[in-house]
Chemist: 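Provided herewith is a single structure, encoded as structure tokens, for subsequent inquiry.
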Amino acid sequence: MSVQLPGLLEDLELVRKDFPILGRTLADGHPLVYLDSANTSQKPQVVIDTMVDHLERHNANVSRAVHQLGGESTEAFEAARDKVAAFIHAPSRDEVVFTKNATEALNLLANTMAWPGELQVGPGDEVLITEMEHHSNIVPWQLLTERTGATLRWFGLTDDGRLDLSNIDELVNERTKVVSLVWVSNMLGTVNPVREIADRAHQVGASVIVDASQAVPQMPVDVVASGADFLVFTGHKVVGPTGIGVLWGRRDLLGKLPPFHGGGEMIRTVTMERSTYADIPARFEAGTPPIVEAVGLGAAVDYLGHLGMADVRAHEEAITGYLLEGLATVGGLSIMGPTTVSDRGGAVAFELDEVHPHDVAQLLDSRGIAVRAGHHCAKPAHRRFGVQSSVRVSTYLYTTPEEIDALVEGLEYTKKYFRVD
Amino acid sequence: MSDLDAMYQEIILDHYKHPHRAGLREPYGSEVHHVNPTCGDEVTLRVHLDGTGEDAVVEDVSYDALGCSISQASVSVLTDLLVGKRVGDALEVHEAFVTLMQGRGGVEPDEDVLEDGVAFAGVAKFPARIKCALLGWMAWKDATSQVVAHPDHEEQS
């Protein structure tokens, strides 16, 4: 490695070898420079192998079969739950509910809170979100409040891309029933003061939901210490597969939610007239679950655990700092969100004067550099900054300083191509 | 020529830097707003026809577009190609352009019909960008069919 930065993962070259796709060569012989990990992370060989091994040797449905394969499959599936629980420091494995993704986990909460029960949201209640949410943490709450006559409110943003907490005492009030917010913004990169907001919300008796989709991949997470009552994330951003997400919830609160999907495995008994329901987590896992995906997720969090999340976080800070320095050298480039690494994640969104984000992404792609262009499912946050779309670069534990150099060179090339002075 | 240069033809970059007939004007018979939901590109487009039915003439196409070079250049070229044409002829050009864009790079464009529009042939090889090139064209067809269906709405101002 030519560039040495304090904080980079030791043996970064070896770590990169764990991810076979990073060795790919793209069109015109360009090596892949993958800077789209906030979109989805790449997968280490151990995750791929674990999933293949499960399908080759242990495949069977879970919790239903008496045969040996059924036992092995169930054991692997439930072991994944144990691994996830340990990874996020959940007090109990039963508090870990497998879903399809973070979106489904948020919809599970927003849907079940529409029905009678202690957590029901009704007319006059308020649901509080933020202007930097991903659409998946906006639309479900719009649906809930529209359906129940509740009111949707939100924290605005400051010009430097942080939550504007100046009116927190007005926004968090005795009518507030739910506060649902993102821990790390997928667009701005901002790390929000979740604990501080959660403590305030708890004073008025509100439930706190944390979208940790970008947090769990890049920092140590202790669900209890976070202050969350419910926390969601998705498997494919933590070097696991797509098709599997996680809802963690405090046992007492999960137990107060009515069922979501009805079907097999979520019941205790069924008659033609009515049914009774299983305990958590099975109550929220109707139907055959994504078994091999859960097994893959278990291998993924094991992998991250071996690397050490404190070290992953240090790497992310080091490489994001280097990225921010590099982007600062590109004339005409303006970053939306914090421009220093303090309380910041590894996603950096920006605009380049006179070149549309799609054209930037296309030019970078022609050099093997994968970034995202568009609104990143955060249209309100873009509107807040008066832009329609942006380029987003997102780093991860396998990102090298050389890849950032290639990006900066690619941006200069893009400017020349579009004749920007 | 690389695929990239084939997509970003000089003609396209020129139209992007200096779009033709940009801005919203009156009078107009209908106005539509189209969005590409995957990337957020938007266009507000107005069509003003003179006459009725397919013999009507496209008197003006005005627009306010937010988007990439491909979507901006494409609507600029559209106005060059369609303004002044009978609606029936304009629809034929529209069909030729759509066919070119959906041809995965296998369609040989007719320069007599598409003029500067042939420059978009290279875009057809980039599946993610075809919708960019078609955004303004789909908006024009939508707006035009609204005027043709309700000619008495013409001359809003």
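Here is the naming used below: chain letters follow the sequence lines, and residue numbers restart at 1 for every chain. Computed from a prediction, not measured in an experiment: that's the story for all the values here.
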Chemist: In Å, rounded to the nearest 0.5 Å, how long is the span from NZ of B:Lys17 to CD of A:Glu354?
Modeler: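 If we round to the nearest 0.5 Å, B:Lys17:NZ and A:Glu354:CD are 4.5 Å apart.
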Chemist: Decide if atom NZ of A:Lys100 counts as having more than 12 heavy atoms of other residues, nucleotides or ligands within a radius under 6.0 Å.
Modeler: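 No - once you tally the heavy atoms of other residues, nucleotides and ligands closer than 6.0 Å, there are 12 at most.
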Chemist: Indicate yes or no: at least one non-hydrogen side-chain atom of B:Asn36 is less than 4.5 angstrom from one of A:His358.
Modeler: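 No; the side chains remain at least 4.5 Å from each other.
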Chemist: Name the region of B:Phe126, side chain, backbone, both or neither, that has any atom closer than 4.5 Å to a heavy atom of chain A.
Modeler: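 Contact with chain A is through the side chain of B:Phe126 alone.
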Chemist: Can you sort out the partners of B:His33 under ring-ring contact (aromatic ring centres under 6.0 Å, His included), two or more places apart, ordered by chain and number?
Modeler: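 Not a single residue meets the ring-ring contact (aromatic ring centres under 6.0 Å, His included) criterion with B:His33.
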Chemist: With no hydrogens and no angle check, is any side-chain donor or acceptor of A:Asp359 less than 3.5 Å from a backbone partner on B:Cys68?
Modeler: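 No, the answer is negative, given that no donor and acceptor are paired below the 3.5 Å cut-off.
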Chemist: Do other residues, nucleotides or ligands put more than 12 heavy atoms under 6.0 Å from B:Arg25 CZ?
Modeler: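 Check passes, neighbour count above 12.
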Chemist: Side chain, backbone, both or neither: which part of B:Asp3 has an atom under 4.5 Å from a heavy atom of chain A?
Modeler: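 B:Asp3 has no heavy atom closer than 4.5 Å to chain A.
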Chemist: Drop me the distance from A:Leu363's CG to B:Tyr8's OH, to the nearest 0.5 angstrom.
Modeler: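 Rounded to the nearest 0.5 Å, the CG-OH separation comes out at 5.5 Å.
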Chemist: What distance separates B:Leu4 CG from A:Tyr417 OH, expressed to the nearest 0.5 Å?
Modeler: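 Answer rounded to 0.5 Å: 4.0 Å.
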Chemist: More than 12 heavy atoms of other residues, nucleotides or ligands under 6.0 Å from CD of B:Glu95: yes or no?
Modeler: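 Count not over threshold, so no.
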Chemist: Go through the steps to decide whether B:Gln72 and A:His356 satisfy the test side chain to side chain contact (heavy atoms under 4.5 Å, CB included), and finish with yes or no.
Modeler: CA-CA 10 Å; B:Gln72 302 265 43; A:His356 190 276; over 6 Å; no
Chemist: Does NZ belonging to A:Lys415 count more than 12 external heavy atoms closer than 6.0 Å?
Modeler: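 Atom NZ in A:Lys415 is crowded, with more than 12 foreign heavy atoms closer than 6.0 Å.
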Chemist: Would you mind checking if A:Arg419 and B:Glu10 are paired as a salt bridge, meaning a charged N to carboxylate O distance below 4.0 Å?
Modeler: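 Yes, charged N to carboxylate O under 4.0 Å.
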Chemist: Answer with side chain, backbone, both or neither: which region of A:Val360 has an atom nearer than 4.5 Å to a non-hydrogen atom of chain B?
Modeler: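 Nothing of A:Val360, per the 4.5 Å heavy-atom cut-off to chain B.
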Chemist: Of the backbone (N, CA, C, O) and the side chain (C-beta and beyond), which part of B:Asp41 lies under 4.5 Å from a heavy atom of chain A, both, or neither?
Modeler: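 B:Asp41 touches chain A through backbone and side-chain heavy atoms alike.
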Chemist: Quick one: OH on B:Tyr16 to CZ on A:Phe418, what's the gap to the nearest 0.5 Å?
Modeler: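 The OH atom of B:Tyr16 sits 7.0 Å away from the CZ atom of A:Phe418.
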